[in-house]
Amino acid sequence: MNATIHRLSCCQSRRWQSTLSSAATSRLMMSTSTRRLHDRGTTMAVQHHHRRQLNIRYISINIGTRPPLPLQFLGAYDAQKFDQSTHQRNDIPFDPVNGKPPPSSSAEASPPSTPGCTWEYDSSTDKWSLPLEGNTSSNYSNEWVQSQLQQWRMDPTDFDVQWNADNPTGNAKHAQEANHATKRVLWSNWTADIIRDPSVSPILFQYDNLRSSENNSNDEKRLLKTLHQYGLVLIRGTPTSTDSLPRGVMNEASLSLADTSDTQETAESAILHLASLIGYHPLHTLYGSGVWSTSSHSSFYNKEGDGNDTNDESGAATTSASASTADSAYGSTSLPLHTDMTYMGNPPGVQVFLMVQPASNATTTSGNDTSAFTPKGQSVYLDGFAAAKQLLLENPEAYNLLATTQRRYRCVDNDEGWHLEASGPVIDAAPRWRKANDAYEWGPVKSIRHNDLDRLPDLPPYFGNETSLNDSRNDSFYRQLQEAHEAWDNILRRDSLRLVIDLQPGECVLVANQRCMHGRYSFEASKYPRVVMGCYVGMDELLSKWRRNGLRVI
């Protein structure tokens with residue numbers, strides 16, 4: 001059988017294609033549903049071809065031999081080596097009394113990759129099987145084998161597709177195709193009109209549909225899939241009634257909405273319900289253990305914890321007393337695009353934003369004079385994965401530096417006694433392999449960590465006793481890092497990547513915090529404060545939900 005040729009391009013989707021001789025094709029068609037295939041080993045040749053700055057690879061794999069994964073890996077994944085109730089491995093030798101591992105000489109070795117291994121593929125079940133001793137066999141679904149192969153080779157086009165800005169209507173259908181069912185869609189050129197339009201928006205939900213018990217399971221799956229694909233979800237019709245906002249500081253629209261609402265559900269309860277769908281429960285952070293509220297009018301915020309917190313049905317507090325307010329989000333100035341809690345070792349996975357009361361501004365834009373645009377606290381969102389891909393295309397050197405330099409972030413709140421610090425690269429991407437010059441070929445982006453306001457000054461690599469204050473290597477480090485950060489900022493400031501939306505009461509946005517950045521326009525403080533309520537969901541909890549729903553996690 002001829003070798004299969006895979007043409008891998010950084011900018012195009014690729015499909016597995018088999019080149020078979022006519023004789024091999026005939027034999028394949030006449031074969032029975034179960035074929036016995038002798039393992040002759042898998043050969044892989046990689047060639048590099050550079051044209052128009054595209055790195056194209058040709059990988060040759062012998063088809064009809066065995067699953068393209070190491071036998072050691074597949075052998076260790078034998079279902080019989082895992083406890084069926086705990087799902088923990090049961091093939092790890094240790095002393096049953098003291099738990100010590102055995103001497104290395106007696107430890108079981110991984111199964112060797114022997115050419116004589118015989119594999120079976122059953123086309124009727126789409127499974128591979130490897131006969132073992134004692135008339136048993138280990139079985140692997142072809143779907144699982146392919147998913148493991150994708151995780152191994154870390155090809156970005158196995159995980160990401162690009163939003164087509166020229167065909168927003170087709171995108172909604174495109175994203176639902178089976179071929180892209182679990183791929184992340186890197187979006188750009190979004191507007192408030194696009195994401196609010198039910199006919200074209202891929203991220204729009206109605207809260208009532210998520211609350212209904214009849215369709216809750218399907219809608220929950222669709223919600224998780226949408227968050228996985230786009231990193232952003234817009235939910236309309238979310239309850240905004242809250243006891244934490246006194247009627248004296250509610251504007252006319254908020255009062256009317258509160259008085260005419262046909263539901264007794266509060267904003268706090270709705271936020272907690274959404275958190276349960278995407279991550280079981282809210283994440284406890286320095287901003288509290290339940291629902292937080294950011295407001296330019298701090299008098300209603302229960303800073304002293306005087307017992308006025310509201311409780312849900314279980315009695316758990318839904319607003320957070322004595323929580324930190326040491327953050328610029330509690331002011332009225334603009335906020336640059338950022339991800340939250342970069343100073344945590346593992347920042348939150350999701351931030352829930354519910355607009356309770358927008359800012360009230362007296363001035364308005366008149367005529368067609370765009371220069372008279374009045375900032376009024378509009379929210380800004382940006383797909384960090386799309387920005388990272390653009391940086392890689394335009395400036396690979398800057399991408400490499402931001403993906404390999406550990407940058408440190410800090411949060412200090414003297415009133416509440418917090419001092420948090422953590423470090424990580426701005427772009428956390430999966431490396432695929434090392435080239436001859438020790439440079440990485442980057443795989444898909446795993447997460448973004450970016451907040452200039454919380455970022456501490458950078459230190460260059462330490463060169464030991466050779467380091468001096470006037471070391472030219474220090475100057476080179478700072479110059480290159482500044483140039484890389486400027487290249488990153490130049491992408492973040494592009495209007496084509498920034499979604500600007502003036503959120504209205506009852507509109508709730510779920511933001512995948514380690515992917516999408518958020519920011520805010522400035523606004524005028526008034527007696528009617530801009531009030532946003534929400535909570536965080538842990539990254540591990542979000543990943544668990546994704547895995548349980550069959551969505552791929554890098």
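Keep in mind that what you see is a predicted model, and the values were worked out from it rather than measured.
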Could you give the distance from [atom1] ([X]) to [atom2] ([Y]), rounded to the nearest 0.5 Å?
X	Y	atom1	atom2	answer
His485	Leu492	NE2	CG	8.0 Å
Arg410	Tyr343	CZ	OH	12.5 Å
Asp340	Asn513	CG	CG	5.0 Å
Leu499	Leu497	CG	CG	11.0 Å
Ile195	Ile501	CD1	CD1	4.0 Å
Thr226	Lys221	OG1	NZ	14.0 Å

Distance-only polar pair, side chains of Tyr409 and Asn451, donor-acceptor under 3.5 Å: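 No, no side-chain donor-acceptor contact under 3.5 Å.
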
So that I can tick it off, tell me whether [Y] and [X] are bridged by a salt bridge, with the cut-off set at under 4.0 angstrom between side-chain N and carboxylate O.
X	Y	value
Lys376	Asp502	yes
Asp158	Arg153	yes
Asp208	Arg211	no

Check whether any side-chain N or O of [X] sits under 3.5 Å from a backbone N or O of [Y] as a donor-acceptor pair, and report yes or no.
X	Y	result
Arg530	Gly377	yes
Asp197	Asp193	no
Lys389	Val445	no
Ser334	Tyr521	no
His338	Met517	no
Asn142	Asp126	no
Gln151	Val553	yes
Arg520	Leu335	no
Asn251	Ala253	yes

CA sep, side-chain torsions, deciding dist, call: Ile278, Leu224, side-chain contact (heavy atoms from CB on, under 4.5 Å): CA-CA 6 Å; Ile278 58 177; Leu224 287 164; 4.1 Å; yes

Write down the atom of [X], the atom of [Y], and the distance for their closest heavy-atom approach.
X	Y	answer
Arg432	Pro156	NH1-CD, 4.0 Å
Leu354	Pro239	CD2-O, 3.4 Å
Trp187	Trp163	CA-CB, 3.6 Å
Pro358	Leu503	CG-O, 3.6 Å
Asp454	Thr342	CB-OG1, 4.0 Å
Arg449	Ala422	NH1-CB, 3.9 Å

Test item: [X] and [Y] side chains (from C-beta on) under 4.5 Å apart, heavy atoms:
X	Y	result
Leu210	Glu220	no
Ile271	Met533	yes
Arg455	His450	no
Gln357	Pro529	yes
Val531	Ser293	yes
Arg184	His228	yes
Leu286	Cys411	yes
Met154	Ile554	yes

Atom CD of Glu143 with >12 non-hydrogen neighbours under 6.0 angstrom: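 Check fails, neighbour count at 12 or below.
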
Neighbour count >12 (heavy atoms, 6.0 Å) for atom CZ, Arg493: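 At most 12 heavy atoms, drawn from other residues, nucleotides or ligands, come within 6.0 Å of this atom.
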
side-chain contact (heavy atoms from CB on, under 4.5 Å) between Tyr528 and Ser254, intermediate numbers included: CA-CA 10 Å; Tyr528 304 117; Ser254 297; over 6 Å; no

Verdict with reasoning, Leu510 to Val352, per side-chain contact (heavy atoms from CB on, under 4.5 Å): CA-CA 5 Å; Leu510 310 183; Val352 180; 3.8 Å; yes

Residues in side-chain contact (heavy atoms from CB on, under 4.5 Å) contact with Met539, at least two apart in sequence or another chain: Asn346, Gln514, Leu542, Leu543

Non-neighbouring partners of Leu391 that pass side-chain contact (heavy atoms from CB on, under 4.5 Å), sequence neighbours left out: Asn395, Ala398, Tyr399, Leu402, Ile427, Ala487, Trp488, Ile491

Arg236 and Arg196: CA distance, side-chain angles, deciding distance, side-chain contact (heavy atoms from CB on, under 4.5 Å) verdict: CA-CA 9 Å; Arg236 308 192 76 179; Arg196 283 181 172 137; 4.1 Å; yes

Parallel, tilted or perpendicular: rings of Tyr230 and Trp190 (30°, 60°):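 Tilted, since the angle between the ring planes falls between 30° and 60°.
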
